[in-house]
Number of protein chains: 2
Amino acid sequence: MGDRSVPHARPNKAEVFARLREAHAREVTEDYVEMIADLIEEEGEARSVALAERFGVTAATVNNTIKRLERDGFVTSRPYRSVFLTDEGRELAAKCRKRHEIVYNFLVALGVDPTTAEFDAEGIEHHVSEETLRMFAGFAGGKRG
Amino acid sequence: MGDRSVPHARPNKAEVFARLREAHAREVTEDYVEMIADLIEEEGEARSVALAERFGVTAATVNNTIKRLERDGFVTSRPYRSVFLTDEGRELAAKCRKRHEIVYNFLVALGVDPTTAEFDAEGIEHHVSEETLRMFAGFAGGKRG
DNA sequence: AAATCAATTTAGCCTTGACTAACTTTAAAA
DNA sequence: TTTTAAAGTTAGTCAAGGCTAAATTGATTT
C-alpha cells in the first residue's frame, strides 16, 4: 500500500504526467481509426485524400501516419489503394466513437453550445477515464430520461 | 456567413483538428509554468531537479524545455541557477491554476473519485474552452451554494 | 585545500507529426 | 490511345519532447 492510506491521497505528480504522455501517444491513432471508420460508412472507402482534407494536413502526413497504423496493426493498406481497418482497428474505432458521443452529448446537456462542444469534445475525449465517462453518460442520460 | 446558417452547423473537421493541434502545442508550456509557480510557492524556488522529479522525466529533458520556455518569454534562467517566471509566465500560471481547479472541482462535484479526478483533470484542462469552463464553474458552484 | 557528491549542462540519438518538392501511378478525357 | 489531372508515394527537412552518457559546475565534507 505504501503511502496511500490517507483518504483522497493525491496521486504522485509523476504518475499523473506519465499517464498524460501515454494518452498523447494514443491520440492520433484513435482519431485516425475513428475517421477511417466514418469515411468507410459515409463514402464506402477511406482514401487518403479524404483523410488529409478532414484532418487539415498534407497527403504526405497522412501517408506517414497510415504506415505507423499499419505497423501497429490497426489498418491494412496497399499502394495507391484505400485504407482498411483490421478487427483491432474496428474495435478501437467503435470504442472511440461511443466515447466521443458520450463526451459531446454530456457537454451539450450541460448547456455548452453544440459548435463549442464539437471543438472541446475532440480534445477532452482522449483524457476521460472509464469512471468519468460513466459519470458523463449518467448525467446526460438522467437529463433525458 | 458562408455555409453556416443552419442551426447547430457542425464545424469543419479540419478546423477542429487544427485547434486541437494548437492546444497540444501549448500543453507542456502550461504544465511547466504551473509547476514552476507551485514550486516557488512551496519551496521558495524552482530547481530543475524538482521539476524533473515531479514530471517524471530526466534532467536533460527539463533543461531542453526550460530553454524553449525562455525563448518563448515565459521564464528566465541562468546556468546552474533556479528558474524564474516572467510576468507573462506568472500570468499564464495563474490562469492555468484557476482552470485546473475548476476542472478538478467540477469532476469531484460530478461524483468522480478525487484520485481519478486528478488524473483526468490534468488531461482535460488544456482542452476546455472559456465557455465550457464557465459551465463547469457554474455546475460546481450551484451544487455548493 | 582537496575530495566528493549532487545538480546541471551538453552532445548525440530516437520517434512523432508536421511540411515542401519531386516523382509515380491510376483513372478519366480527349 | 495518348494525354492529362488527380491521387498517392518518396525523400528530405524541421521542431517538440523524450532518452542516455559524459562533462562540468557548485556546494559540502573532510
Side-chain angles (χ1 to χ4, degrees), chain A residues 13-36 39 43-84 122-123 126, chain B residues 13-36 39 43-84 122-123 126:
Chain A
K13 290 267 178 196
E15 284 175 54
V16 173
F17 287 101
R19 194 180 292 189
L20 186 57
R21 288 190 294 269
E22 282 164 32
H24 277 149
R26 275 191 303 267
E27 284 194 28
V28 172
T29 297
E30 294 181 344
D31 288 337
Y32 267 68
V33 295
E34 206 179 334
M35 191 72 89
I36 291 166
L39 283 169
E43 307 183 358
E45 63 175 349
R47 307 297 310 221
S48 60
V49 68
L51 287 167
E53 191 271 328
R54 295 213 183 178
F55 283 121
V57 298
T58 63
T61 297
V62 168
N63 214 265
N64 280 338
T65 307
I66 294 302
K67 272 188 206 141
R68 186 156 43 79
L69 294 189
E70 191 158 24
R71 183 200 67 191
D72 295 345
F74 295 106
V75 307
T76 57
S77 74
R78 287 187 320 295
Y80 300 98
R81 288 288 176 288
S82 61
V83 184
F84 300 89
E122 195 57 61
H126 305 284
Chain B
K13 290 269 179 195
E15 284 175 56
V16 173
F17 287 101
R19 194 180 292 189
L20 186 57
R21 288 191 293 270
E22 283 164 32
H24 277 150
R26 275 191 303 266
E27 285 194 28
V28 172
T29 297
E30 293 181 345
D31 288 337
Y32 267 69
V33 295
E34 206 179 336
M35 191 71 90
I36 291 165
L39 283 168
E43 307 183 358
E45 63 176 349
R47 307 295 313 220
S48 60
V49 67
L51 288 166
E53 192 270 329
R54 295 213 184 180
F55 283 121
V57 297
T58 63
T61 297
V62 168
N63 213 262
N64 280 339
T65 307
I66 294 301
K67 272 188 205 143
R68 188 156 40 80
L69 294 188
E70 190 159 25
R71 183 200 66 191
D72 296 343
F74 295 106
V75 307
T76 57
S77 73
R78 288 187 320 293
Y80 299 98
R81 288 285 174 292
S82 61
V83 184
F84 299 91
E122 194 56 62
H126 304 284

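In what follows, chains carry the letters A, B, and so on, assigned in the order in which the sequence lines appear, proteins first and then strands, with residues in each chain numbered from 1. None of these values were measured; they are calculated from a predicted model.
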Sugar-phosphate, base or nothing in reach of B:S48, heavy atoms under 4.0 Å: sugar-phosphate

Side chain to side chain, B:E122 and A:R19, heavy atoms closer than 4.5 Å: no

For atom OH of B:Y32 and atom C1' of D:dA16, their distance in whole Å: 12 Å

Sugar-phosphate, base or nothing in reach of B:V62, heavy atoms under 4.0 Å: nothing

Rounded interatomic separation in angstrom, taking CZ from A:F17 and P from D:dG18: 10 Å

Whole-Å gap separating P (C:dT9) and CD1 (B:I66): 9 Å

B:T58 vs B:T61 side-chain heavy atoms within contact, under 4.5 Å: yes

Strand contacts (DNA chain D) in residues 73-82 of chain B, 4.0 angstrom heavy-atom criterion: B:Y80

Distance test, side-chain N/O of B:R21 to OP1/OP2 of C:dA18, below 4.0 Å: yes

Value in whole Å for how far the P atom of D:dG8 lies from NZ of A:K67: 14 Å

Whichever of A:D72 and B:V49 has its nearest DNA chain C nucleotide further upstream toward 5': B:V49

Sugar-phosphate, base or nothing in reach of A:A60, heavy atoms under 4.0 Å: base

Sugar-phosphate, base or nothing in reach of B:T61, heavy atoms under 4.0 Å: base

Residue met sooner reading DNA chain C from 5', once A:A59 and A:R71 are mapped to nucleotides: A:R71

